[in-house]
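Residue numbers run from 1 in the order of the sequence given. Hydrogens, waters and symmetry mates play no part in the numbers below; they use all other heavy atoms, side chains included.
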Amino acid sequence: LPRMQSSGSKTCPCPCPSTALREVASMYFTMIAVFLVILVVALQGSAPRGSDFPYKVPLDPQGLLELSWNVSYPEQVVHFQLLVRDLRFGLLFGMSDRGEFENADLAVLWSDGHNSYFGDAWSDAQGQLHMDSQQDYQLLGARRAPEGLYLLFRRAFSTCDPKDYLIEDGTVHLIYGILEKPVHSLQAINVSALHRGLQRVQLLKPNITVPELPSDMKTMEITAPNVVIPSQETTYWCYMTELPYDFPKHHIIMYEPVITAGNEALVHHMEVFQCTAEFDSFPHYNGPCDSKMKPDRLNYCRHVLAAWAMGAQAFYYPKEAGLAFGGPGSSRYLRLEIHYHNPLVFKGRHDSSGIRLYYTATLRRYDAGIMELGLVYTPVMAIPPGEDAFILRGYCTDKCTQLALPAAGIRIFASQLHTHLAGRKVVTVLSRDGRERQVVNADGHYSPHFQEIRMLKEMVAVFPGDELVTTCTYNTEDRSRATVGGFGILEEMCVNYVHYYPQTQLELCKSAVDPGYLHRYFNLVNRFNDEEVCTCPQVSVPQQFFSVPWNTFNRDVLKSLYGFAPISMHCNKSSAVRFP
């Protein structure tokens with residue numbers, strides 16, 4: 001097997017090649033591509049050890065393509081292992097901004113029916129493939145095993161190549177395509193005609209040391225009871241269960257997914273919620289979350305105990321903290337929510353997936369807490385239609401942290417970012433003494449369809465007087481009227497659920513624009529526009545936003561309002577009572 005050589009150093013910062021040199025290199029690599037022959041059919045051997053690639057995810061719904069990978073932070077490199085169970089005439093694998101096949105960064109394996117070739121390629125704005133002047137997907141090996149063909153290759157996080165995708169923290173949109181027929185050249189591949197799809201993962205997993213688990217640890221499986229997965233693309237399934245009577249306080253110290261064999265490509269993500277303690281009982285329910293038969297009381301089961309998304313491993317709490325459940329003041333009732341993604345509309349598939357909690361009666365030093373940062377769920381924060389990158393910010397101010405946090409501060413160890421369908425980027429930044437000090441969590445390729453609790457690479461210490469600013473970027477190019485804040489899926493949110501210890505009374509530290517200043521905005525719109533926006537008290541804020549004519553002036557003034565107007569601060573205790 002010839003090993004493909006790279007063209008020089010690939011680590012940044014580096015003096016990147018000039019345009020002229022790139023053009024020469026491009027011609028050179030196009031000429032030598034035909035020599036990068038992989039005799040995959042003749043290769044035999046055993047499968048690589050799974051321990052070498054700790055992270056794994058199915059790429060396609062049928063499970064024909066399975067990706068495993070590991071991350072080397074010292075080398076700034078990701079090693080990939082791609083298992084192809086039924087190789088036809090090749091495949092495409094790569095990354096793009098939002099999962100598009102245009103302007104994508106690709107590794108391509110193709111066959112002309114006699115020989116097979118491998119190369120680093122990119123697609124232009126029309127989806128046409130081109131051989132890359134810099135071969136940064138480096139082939140390390142190919143191996144045939146009983147279960148299929150293994151391809152091993154590597155890719156640096158950053159390559160200095162403008163045609164390459166920069167691998168960063170946060171969500172990565174992986175794309176794949178399967179070649180059903182032989183092709184005589186890379187340029188002859190018609191991307192639009194391929195069997196293709198996308199998968200979202202967090203490639204750059206944090207290098208976490210697994211804490212030692214206690215000897216008295218017990219497990220509890222919260223799983224769906226033999227659900228028949230509906231034959232539709234997207235289903236959210238809700239199942240109610242309960243803890244035993246008089247279940248004492250325990251600490252959850254770890255959890256992991258339990259996936260029914262054969263359904264690995266269908267179970268997209270899962271969450272376990274604890275219900276509010278203000279109700280003595282909750283009705284049993286096992287059915288779609290959007291069904292009219294679902295009891296309204298289930299909407300009061302919102303306290304997250306565990307969350308898993310495809311590609312995530314087991315979640316461990318720090319050795320000094322655990323998430324409390326059970327005992328006085330804690331509800332016995334839990335809601336399991338499973339998102340099934342069934343694009344091939346399989347029928348009659350049974351599923352008993354869920355989450356396995358590991359817990360201990362030997363309480364750790366600290367209770368872990370969950371705090372909401374970002375924007376209050378209110379329609380006063382809105383996004384005009386037709387925006388490609390509209391920004392909203394939510395503040396946890398120094399006055400709130402000064403009042404609510406202990407003198408020794410808190411330690412944030414995990415974070416779950418959340419928006420609805422228009423969200424594209426989310427970042428939370430810690431500021432101290434008026435200066436930005438640290439990024440708590442950032443996702444520049446955020447997708448509302450891929451939300452998981454992510455362990456941070458390093459803990460973030462927050463002290464009284466610190467500020468936490470959460471910025472969300474939205475795209476409403478496909479919408480014809482304003483998108484307001486709220487709970488509905490077509491309304492918007494901007495939230496970071498941070499997991500921290502020690503637990504405090506502060507459960508919500510969020511903001512929104514001062515409503516009085518928004519009223520002034522609507523009055524200003526009336527003064528400068530022919531179409532009148534009714535500002536009478538009986539007309540709701542969403543109705544006022546829906547009647548705004550969205551010209552450039554009205555858009556710019558709204559952006560300025562959100563940037564400079566005073567804010568209404570919500571600094572709330574667990575009981576929903578505000579700190580004074």
Ignoring hydrogens and angles, state whether a donor on the side chain of [X] or [Y] is under 3.5 Å from an acceptor on the partner side chain.
X      : Y      : answer
Thr171 : Asp443 : yes
Thr362 : Asp216 : yes
Asp97  : His173 : no
Glu242 : Tyr245 : no
Thr471 : Arg393 : yes
Asn572 : Lys510 : no
Tyr340 : Asp351 : yes
His445 : Arg98  : no
His499 : Gln416 : no

Compare every heavy atom of [Y] with every heavy atom of [X], then report the nearest pair and how far apart it is.
X      : Y      : value
Leu203 : Trp69  : O-NE1, 2.9 Å
Lys249 : Ala324 : CE-CB, 3.6 Å
Ile175 : Glu100 : CD1-O, 3.5 Å
Lys294 : Leu298 : CG-CD2, 3.8 Å
Ser330 : Gln274 : OG-NE2, 2.8 Å

>> Could you check whether Phe315 and Tyr255 have their ring centres less than 6.0 Å apart?
In response: yes
> So, Phe80 versus Phe93, ring centres under 6.0 angstrom or not?
Replying inline: yes
>> Ser353 and side-chain contact (heavy atoms from CB on, under 4.5 Å): which single residue from Val267, Leu336, Leu266 fits?
In response: Val267
Count the heavy atoms of every other residue, nucleotide or ligand shown that sit under 6.0 Å from [atom1] of [X], and state whether that count exceeds 12.
X      : atom1 : result
Glu212 : CD    : no
Glu436 : CD    : no
His350 : NE2   : yes
Asn207 : CG    : no
Arg85  : CZ    : yes

> Is the SG-SG separation for the cysteine pair Cys571 and Cys509 below 2.5 Å?
Replying inline: no
> Is the side chain of His250 donor-acceptor paired with the backbone N or O of Tyr359 at a distance under 3.5 Å, no angle test?
Replying inline: no
>> Rounded at 0.5 Å granularity, tell me how far CD in Glu256 sits from OH in Tyr316.
In response: 7.0 Å
>> Among Tyr317, Tyr366, Tyr500, exactly one meets ring-ring contact (aromatic ring centres under 6.0 Å, His included) together with Phe413. Which residue is that?
In response: Tyr317
>> In terms of relative ring orientation, are Tyr333 and Phe282 parallel, tilted or perpendicular, with 30° and 60° separating the classes?
In response: tilted
> Can you say whether the rings of Tyr300 and Phe279 are parallel (under 30°), tilted (30 to 60°) or perpendicular (over 60°)?
Replying inline: perpendicular
> Step by step, would you call Thr470 with Leu375 a side-chain contact (heavy atoms from CB on, under 4.5 Å)?
Replying inline: CA-CA 8 Å; Thr470 301; Leu375 286 172; over 6 Å; no
>> I'd like to know whether Asn496 forms a side chain to side chain donor-acceptor pair (under 3.5 Å) with Ser415, so could you lay out the CA-CA distance, the side-chain angles of the two residues, the decisive distance to 0.1 Å, and finally the verdict.
In response: CA-CA 7 Å; Asn496 184 355; Ser415 162; 2.6 Å; yes
